[in-house]
Amino acid sequence: MNKKILILSFLSVLFLAAGPIRAAIDVTNLRTEQLKNPSGIDTRQPRLGWRIESDEQNVMQTAYHILVASSPELLAQGKGDMWDSGKVETDASQWITYQGENLKRNAPYFWKVKVYTNKGESDWSSPAFWSMGLFNEADWQGQWIGLDRAAPGDSETQWSRLAARYLRKEFALKKEIKRATVHIAGMGLYELFINGQRIGDQVLAPAPTDYRKTILYNTYDVTSQLQQENAIGVTLGNGRFYTMRQNYKPYKIPTFGYPKLRLNLIVEYADGSKETIATNTSWKLTTEGPVRSNNEYDGEEYDARKELGNWTQTGYDDTKWMPAERVSIPSGTLRAQMMPGMKVTETLKPVSIQKMGDKYIMDTGQNLAGWVRFRIKGQAGDSIRLHFAERLESDGEIFTKNLRDAHCTDIYVVSGREPQGATWAPRFVYHGFRYVEISGYPDAKTEDFVVEVVEDEMDHTGSFSCSNETLNQVIRNAFWGIRSNYKGMPVDCPQRNERQPWLGDHAMGCWGESMFFDNHAMYNKWARDIREAQREDGCIPDVAPAYWNYYSDNVTWPATLPLVCDMLFTNYGDIRPIEDNYPAIKKWVSHIREYYMTKDYIITKDKYGDWCVPPESLEMIHSQDPARKTDGALIATAYYLKVLQLMHRFASLQGLTTDAKEWEDLEHKMKDAFNAHFLHIKEGTSLVPGHTLYPDSVFYGNNTVTANILPLAFGLVPKAHIKEVAKNAVTTIITTNKGHISTGVIGTQWLMRELTRRGHADIAYLLATNDTYPSWGYMAAQGATTIWELWNGDTANPGMN
């Protein structure tokens with residue numbers, strides 16, 4: 001029998017034709033050159049994984065044999081000088097921890113695997129490899145360089161304008177090169193060039209973090225780009241490192257500093273020697289380049305008249321540039337970016353361009369996040385302006401009230417020297433939009449513009465279609481909304497002056513998202529972000545990374561961290577996020593218990609309630625009707641109980657029996673208290689004298705759908721009352737709300753699953769396919785192509801919409 005194993009990176013999707021036993025090796029947590037994935041590995045024990053596919057039935061792995069070598073030649077000879085696992089009897093094929101010799105910094109390693117199954121054994125797989133990064137500060141050479149101040153022409157206000165920094169260095173190599181690797185930390189965003197060639201296809205790199213805790217670096221193999229005489233060029237944009245709003249609400253918005261660079265180019269020669277080209281004050285710098293401003297909220301301004309020519313190539317005259325300055329050292333730890341990062345993943349053609357007076361309105365046909373690339377037209381000095389919006393006014397003008405104070409405008413100033421057919425798109429900003437107001441552009445036609453979709457690079461692993469077109473459109477809208485908010489972290493919106501990684505939006509949202517996206521790497525990274533944002537006393541913020549200083553001690557939003565860890569284990573089999581984050585979650589659980597639990601085991605602290613329930617008036621953002629609002633103490637206590645259940649599971653998985661018993665005991669006490677406090681049994685009257693009174697209605701709190709759904713979803717309802725509580729939730733939906741949804745962010749995240757689990761899939765389907773207000777289908781019927789923040793997004797005050 002012929003057997004074959006294929007090795008792929010963990011980012012790849014497997015599409016193999018039918019055939020005999022074959023295994024696709026998915027190199028989990030590793031970055032490979034084959035997929036141009038710009039990261040080294042900075043863990044000393046990376047994990048390996050593979051997937052078996054066969055046209056035979058019931059093929060099960062029984063054992064594996066892994067070889068890891070320091071060179072492809074040794075691997076080809078069947079020698080695992082770094083690790084020879086031998087035959088390991090197990091069915092495990094994911095998250096296999098490397099157990100070999102100590103791995104060296106900046107070194108490539110090559111591996112293959114043989115799989116044994118109940119239907120036979122495979123051949124050795126084709127080789128794969130990974131590249132190590134730099135483990136710690138001692139591995140880095142050189143200095144942080146840049147300019148720690150504003151330049152002439154910059155302004156530091158609520159609408160900050162800070163020109164890009166351009167840095168360059170020329171150097172010569174005297175010997176034959178074997179391998180060259182560059183490690184780059186460009187804060188806040190960077191583009192890297194060597195000898196005139198842009199390195200990598202990432203955009204908006206690196207991924208955002210709390211730079212006080214972690215700074216991510218990327219790793220590239222640049223062997224083929226080097227020659228005898230060389231030039232490195234780096235453009236630094238602002239990103240979130242140089243915060244978008246300067247001198248504005250400093251009590252709320254932290255600042256991290258000015259853009260800066262640290263780079264190590266490690267060259268390995270054929271004779272075995274090495275040389276490192278590192279950043280220092282011999283590099284040159286200018287702020288007088290074409291990118292005059294780049295602000296995530298306000299847009300990018302590019303003056304082509306100030307283009308620098310061939311500044312990324314050798315022989316360039318940089319005598320008018322200043323020496324780069326050694327700048328303040330960021331406090332965050334340098335870590336390898338263990339996720340792919342953002343890319344242009346799709347391009348769209350505009351569906352229409354309509355002339356309105358002296359400007360044009362372009363419709364892309366789809367609300368999305370990204371930017372517009374256009375063919376440059378005009379005379380020297382002309383300013384082309386693109387103003388982005390999600391919807392139109394009734395008169396056809398763009399609607400911008402919901403953007404608040406964000407300008408959301410890109411500006412390109414024509415030089416008159418552009419080559420025929422040249423195009424331009426911004427480098428360091430993105431926009432959330434469907435419509436674009438174009439001014440200063442002569443004779444705009446659809447073929448002059450291309451829409452580029454920007455999101456985190458990950459496989460789209462799921463799809464959905466059915467006979468109900470409303471439901472199809474709802475799923476499409478959700479799909480586009482999710483991908484628009486994947487920006488190195490999950491954010492709440494990509495368009496207005498917010499764009500923050502709110503925790504509550506993705507608590508159970510990450511579970512649904514994982515049905516369509518391979519979001520493991522991004523959520524694993526975000527779990528670290530949340531952990532690093534934890535305050536010393538245990539408090540976890542509502543926004544993480546903590547770009548907004550919101551430490552409200554809310555329960556529901558921080559509960560996202562254990563829910564994310566549970567998703568990563570349940571859906572991907574990865575226990576490491578649980579192990580890494582368990583101490584932080586334990587500290588938070590203890591903090592909430594100490595400060596906000598009554599002697600009766602009720603959590604009294606809640607800030608957001610069931611955020612954004614459909615209000616009683618179409619103009620309102622938040623309901624003021626007590627009958628629509630769920631008791632915050634009920635929500636907080638229920639969520640705390642859910643977290644205790646997760647902590648019992650997490651402790652048991654790690655063999656922490658004492659902890660597991662502590663969480664279980666506390667859960668039992670709280671569950672009894674919860675039901676004593678919030679469960680109501682309303683008895684009816686008997687028509688037959690002397691007969692027993694039977695429960696007429698059993699419900700929680702004030703009988704909102706959320707008040708009943710949470711205890712059902714969390715297993716808090718006494719067994720005898722489960723059907724009655726579920727019936728009350730359904731009765732409220734059908735009778736009180738006339739077959740429509742009445743939940744906000746909290747209730748909705750559990751509603752559809754729980755209705756289905758309790759045998760009410762018909763009600764879930766009704767809610768999913770409604771096309772009247774309030775519903776997802778109503779949004780679609782009004783022309784929405786993503787999900788609105790508010791159920792009444794077309795009528796509510798645009799202040800949060």
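- No donor-acceptor distance shorter than 3.5 angstrom exists from the side chain of Arg105 to the backbone of Ala107, with no hydrogens or angles considered.
- Separating the OH atom in Tyr572 from the NE2 atom in His520 is a distance of 7.5 Å, to the nearest 0.5 Å.
- Going from atom CG of Leu74 over to atom OG of Ser71 covers 3.5 Å, rounded to the nearest 0.5 Å.
- Under the 3.5 Å distance criterion, the side-chain polar atoms of Thr347 are left unmatched by any main-chain donor or acceptor of Glu452.
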Before you tell me yes or no, could you show the steps for Phe110 and Trp130 under ring pair (Phe, Tyr, Trp, His ring centres under 6.0 Å), namely the whole-Å CA-CA distance, both residues' side-chain angles and the distance that decides it to 0.1 Å?
CA-CA 7 Å; Phe110 306 84; Trp130 74 86; 8.8 Å; no
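- Side-chain contact between His431 and Pro494 is absent, with no heavy-atom pair separated by less than 4.5 Å.
- Within the model, atoms OG of Ser131 and NE2 of His183 stand 6.5 Å from one another, a figure rounded to the nearest 0.5 Å.
- Smallest separation of non-hydrogen atoms from Met342 and Pro208: CE-CD, 4.5 Å.
- One distance of note links CZ of Arg476 with OG of Ser465; it measures 9.5 Å at 0.5 Å rounding.
- Judged purely by atom type and a 3.5 angstrom limit, Thr748 has no side-chain atom pairing as donor or acceptor with the backbone of Val745.
- Within the 4.5 Å cutoff, the side chain of Arg47 has heavy atoms near those of the Arg576 side chain.
- In this structure, Gln337 contributes its side chain and Met339 its backbone to a donor-acceptor pair below 3.5 Å.
- Of all non-hydrogen atoms in Tyr64 and Ser85, the two that sit nearest each other are CE1-OG, 4.0 Å.
- The heavy-atom pair separating Leu561 from Ala527 by the smallest distance is CD1-O, 3.9 Å.
- Side-chain contact of Arg335 with Thr214: a donor-acceptor pair under 3.5 Å is present, judged by distance alone.
- Closest of all the heavy-atom pairs between Thr560 and Ala507 is OG1-CB, 3.4 Å.
- Contact check for Phe650 versus Asp659: no side-chain heavy atoms found under the 4.5 Å cut-off.
- Arg757 places a side-chain N or O within donor-acceptor distance of the main-chain N or O of Leu712, the cut-off being under 3.5 Å.
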Hey, mind stepping through Phe433 and Trp371 against ring pair (Phe, Tyr, Trp, His ring centres under 6.0 Å) and telling me if it holds?
CA-CA 9 Å; Phe433 68 99; Trp371 51 62; 10.0 Å; no
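- In summary, the side chains of Glu455 and Thr345 do present a donor paired with an acceptor at a separation below 3.5 Å, with no hydrogens or angles considered.
- Taking the six-membered ring where the residue is Trp, the centroids of Tyr98 and Trp83 are separated by under 6.0 Å.
- Proximity of Arg198 to Leu192: side-chain heavy atoms (C-beta onward) are nowhere separated by under 4.5 Å.
- Salt-bridge annotation for Asp566 and Arg649: present, with a side-chain N of the basic residue lying under 4.0 Å from a carboxylate O of the acidic one.
- Listed for the Asn218 side chain is no donor-acceptor partner under 3.5 Å among the backbone atoms of Ala205.
- Lys213 and Glu532 are not joined by a salt bridge, as no carboxylate oxygen comes within less than 4.0 angstrom of a charged side-chain nitrogen.
- Interatomic distance, Ile475 CD1 to Asn472 CG, rounded to the nearest 0.5 Å: 8.0 Å.
- Residue Thr785 holds its OG1 atom at 6.0 Å from CG of Asn477, rounded to the nearest 0.5 Å.
- Looking only at distances, no side-chain donor or acceptor of Gln197 sits under 3.5 Å from a matching main-chain atom of Phe193.
- Of the candidates Gln99, Glu101, Met82, Val68 forms a side chain to side chain contact (heavy atoms under 4.5 Å, CB included) with just one, namely Met82.
- Side chains of Leu134 and Ile266 form a contact here, defined as non-hydrogen atoms less than 4.5 Å apart.
- The closest side-chain heavy-atom distance from Asp529 to Asp210 is not below 4.5 Å.
- Annotation: cation-pi geometry not satisfied between Arg483 and Phe517 (NZ/CZ under 6.0 angstrom from ring centroid, within 45° of ring axis).
- Each of Trp50, Trp111, Trp124 was checked for a ring-ring contact (aromatic ring centres under 6.0 Å, His included) with His65, and the lone residue meeting it is Trp124.
- For the pair Lys487 (side chain) and Val454 (backbone), a donor-acceptor distance under 3.5 Å is present.
- Using modelled atom types and a 3.5 Å distance limit, the side chains of Asn571 and Ser514 yield a donor-acceptor pair.
- Using a 4.5 Å heavy-atom cutoff, the side chains of Phe129 and Tyr109 are not in contact.
- Counting only N and O atoms by type, the side chains of Glu89 and Tyr116 include no donor and acceptor under 3.5 Å apart.
- Judged purely by distance below 3.5 Å, without hydrogens or angles, the side chains of Asn770 and Ser775 never pair a donor atom with an acceptor atom.
- Annotation for Lys525 and Ala207: closest pair CE-CB, 4.3 Å, computed over non-hydrogen atoms.
- Considering only heavy atoms from C-beta on, Thr181 stays 4.5 Å or farther from Val222 through its side chain.
- Checking Asn264 against Tyr217 by side-chain atom types alone, no donor-acceptor pair falls below 3.5 Å.
- Smallest separation of non-hydrogen atoms from Ala92 and Gln61: O-NE2, 2.8 Å.
- Judged by distance alone, the side chains of Thr223 and Asp221 do bring a donor and an acceptor atom under 3.5 Å apart.
- Ring centroid separation for the pair Phe479 and Phe464 does not come in under the 6.0 Å cut-off.
- Side-chain atoms of Trp511 come within 3.5 Å of backbone atoms of Leu563 as a donor-acceptor pair (strictly under, hydrogens ignored).
- Between the side chain of Asn118 and the backbone N or O of Asn58 there is at least one donor-acceptor pair closer than 3.5 Å.
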Kindly indicate, with the supporting measurements, whether the criterion side chain to side chain donor-acceptor pair (under 3.5 Å) is fulfilled by Thr769 and Asn468.
CA-CA 8 Å; Thr769 56; Asn468 187 298; 4.6 Å; no
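- Using a 4.0 Å cut-off between charged nitrogen and carboxylate oxygen, Glu457 and Lys343 count as a salt-bridge pair.
- Side-chain contact, His506 with Tyr523: a donor N or O sits under 3.5 Å from an acceptor N or O.
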